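Remember, predicted model here, so these are calculated numbers, not experimental data.
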Amino acid sequence: MGIELNENADHVAKAFVSARHEARALPTYPGIAPQDLASAYAIQDRAIVIDGRVVEGWKVGRINPPRDGQLGANRLSGPIFAGSIVDAAADEAPQMPVYVGGFAAAEAEMLLHVAPGFFGPVPTDDAGTIAILDDVRLGIEIASSPYPGINTDGPVVTVSDFGNNAGLVRGAAVDGWQDVDLCAITVRSEIDGVEVGAATAATMLDGPYGAVRFLLANLMERGLDVSGGLWVSSGAVTGVHDIAVGQSFRAIFEGCGEVRCSVIAATPR
């Protein structure tokens with residue numbers, strides 16, 4: 001059974017990496033879908049190795065009830081590769097690729113950077129978490145997968161394809177972030193100038209700092225090195241907003257600034 005599971009993980013990982021490299025949709029799940037988080041992360045870990053690119057950050061997403069209780073976790077993670085992170089000033093709108101025929105969404109997110117040199121233990125409160133960070137930015141996560149059912153099939157399937165991440169727009173730094181209540185910032189999301197969501201990070205479990213703690217524990221449990229510094233895209237503040245090629249997305253962080261991008265079709269690389 002172990003050999004069969006390993007073979008399936010390898011098959012699924014290769015299929016997702018190939019489809020992403022070729023910018024080719026996968027109408028059906030490419031193998032036996034995982035049923036638990038351990039199996040899902042085994043596929044993700046294998047796919048990271050096959051892909052071969054440098055991981056510069058990680059996205060964190062929420063696992064909603066009742067699946068959180070069933071799976072034993074209320075968040076999930078996925079890698080963000082260096083080549084898919086784009087810096088953008090407030091007056092810039094970089095073009096971000098998504099997989100045509102697959103799934104595509106945009107999310108307003110707080111981006112937190114864990115400073116190089118962290119070896120653990122994982123902090124237990126916000127003050128301890130702030131102490132291991134060296135930057136906080138405004139951002140947009142582009143969530144996209146060649147498989148259109150990645151979100152509707154649930155969190156374990158989401159985990160198995162890089163957590164449904166396809167890119168990150170890194171905006172301006174939050175001035176004096178150490179003294180700013182990140183959970184009090186009102187965030188609004190727009191697609192083509194129409195508001196599609198508004199909220200604060202106070203609705204997100206234990207907030208952006210809690211997302212950092214979750215991620216570090218998750219990565220260390222998987223035996224991954226967290227000492228080189230890493231970005232944490234801490235979760236969708238206003239929701240996961242479906243988006244299509246040709247549309248634009250704007251994330252407004254009231255009192256702090258905004259981040260924008262447009263969406264284009266992914267091409268083979």
Side-chain angles (χ1 to χ4, degrees), residues 2 4-21 25-26 28-53 55-81 84 98-99 102-105 107 109 122 141-168 204-205 210-226 230-236 239-240:
E4 291 177 359
L5 289 175
N6 288 338
E7 288 179 349
N8 181 67
D10 191 63
H11 172 78
V12 173
K14 287 177 178 177
F16 273 127
V17 171
S18 175
R20 283 174 172 260
H21 282 195
L26 291 170
T28 59
Y29 192 83
I32 302 170
Q35 299 300 308
D36 55 61
L37 287 172
S39 300
Y41 283 120
I43 295 170
Q44 184 186 115
D45 290 344
R46 179 63 181 139
I48 291 170
V49 173
I50 294 168
D51 185 282
R53 289 177 293 168
V55 177
E56 190 171 309
W58 297 82
K59 63 84 56 79
V60 174
R62 184 169 183 173
I63 301 177
N64 292 314
R67 292 293 282 151
D68 57 347
Q70 296 164 355
L71 294 172
N74 56 18
R75 286 183 168 107
L76 58 81
S77 70
I80 306 174
F81 295 102
S84 67
V98 300
Y99 299 102
F103 177 88
E107 307 169 9
E109 308 221 358
V122 176
E141 182 197 352
I142 298 299
S144 188
S145 167
Y147 174 51
I150 189 165
N151 263 21
T152 55
D153 281 3
V156 290
V157 166
T158 298
V159 166
S160 71
D161 184 27
F162 294 151
N164 198 14
N165 178 264
L168 193 67
M204 300 167 57
L205 300 173
V212 172
R213 294 191 290 272
F214 159 79
L215 179 68
L216 291 174
N218 174 269
L219 298 180
M220 293 171 74
E221 183 178 350
R222 292 159 62 187
L224 299 175
D225 182 10
V226 296
L230 54 88
W231 283 99
V232 183
S233 192
S234 61
V240 179

Practice problem: Would you please name every residue forming a salt bridge (charged side-chain N to carboxylate O under 4.0 Å, His left out) with Arg62, sequence neighbours left out? | Solution: none
Quiz prompt | For Arg46, all residues meeting salt bridge (charged side-chain N to carboxylate O under 4.0 Å, His left out), sequence neighbours excluded | solution = Asp10
Side chain to side chain donor-acceptor pair (under 3.5 Å) partners for [X], two or more places apart:
X: Asp45; value: Arg222
X: Gln35; value: none
X: Glu141; value: Lys59, Asn165
X: Ser233; value: Glu109

Would you say [X] and [Y] make side-chain contact, with heavy atoms under 4.5 Å?
X: Ser145; Y: Phe16; value: yes
X: Ser39; Y: Val156; value: no
X: Val55; Y: Ile48; value: yes
X: Val212; Y: Ser234; value: no
X: Trp58; Y: Leu215; value: yes
X: Leu205; Y: Phe214; value: no

Quiz item: Side chain of Thr152, backbone of Gly149: donor and acceptor closer than 3.5 Å?
Solution: yes
Just jot down the side-chain contact (heavy atoms from CB on, under 4.5 Å) partners of [X], sequence neighbours excluded, or say none.
X: Ala19; answer: Arg24, Leu26, Pro146
X: His21; answer: Val17, Asp51, Arg269
X: Asn151; answer: Phe103, Thr158, Asn164, Val240

Quiz prompt | By ring pair (Phe, Tyr, Trp, His ring centres under 6.0 Å) - contacts of Tyr147 (at least two apart) | solution = Tyr29
Self-check item: Spacing of CG belonging to Leu71 relative to CG belonging to Leu76, to within rounding of 0.5 Å
Solution: 9.5 Å
Quiz item: Which pairs pass salt bridge (Lys or Arg N to Asp or Glu O under 4.0 Å) with one or both residues in residues 155-168, sequence neighbours excluded?
Solution: Arg20-Asp161
Quiz item: Which residue pairs pass the salt bridge (Lys or Arg N to Asp or Glu O under 4.0 Å) test with at least one member in residues 151-160, sequence neighbours excluded?
Solution: none
Quiz prompt | Residue Ile32 excluded, over 12 heavy atoms near CD1 under 6.0 Å | solution = no
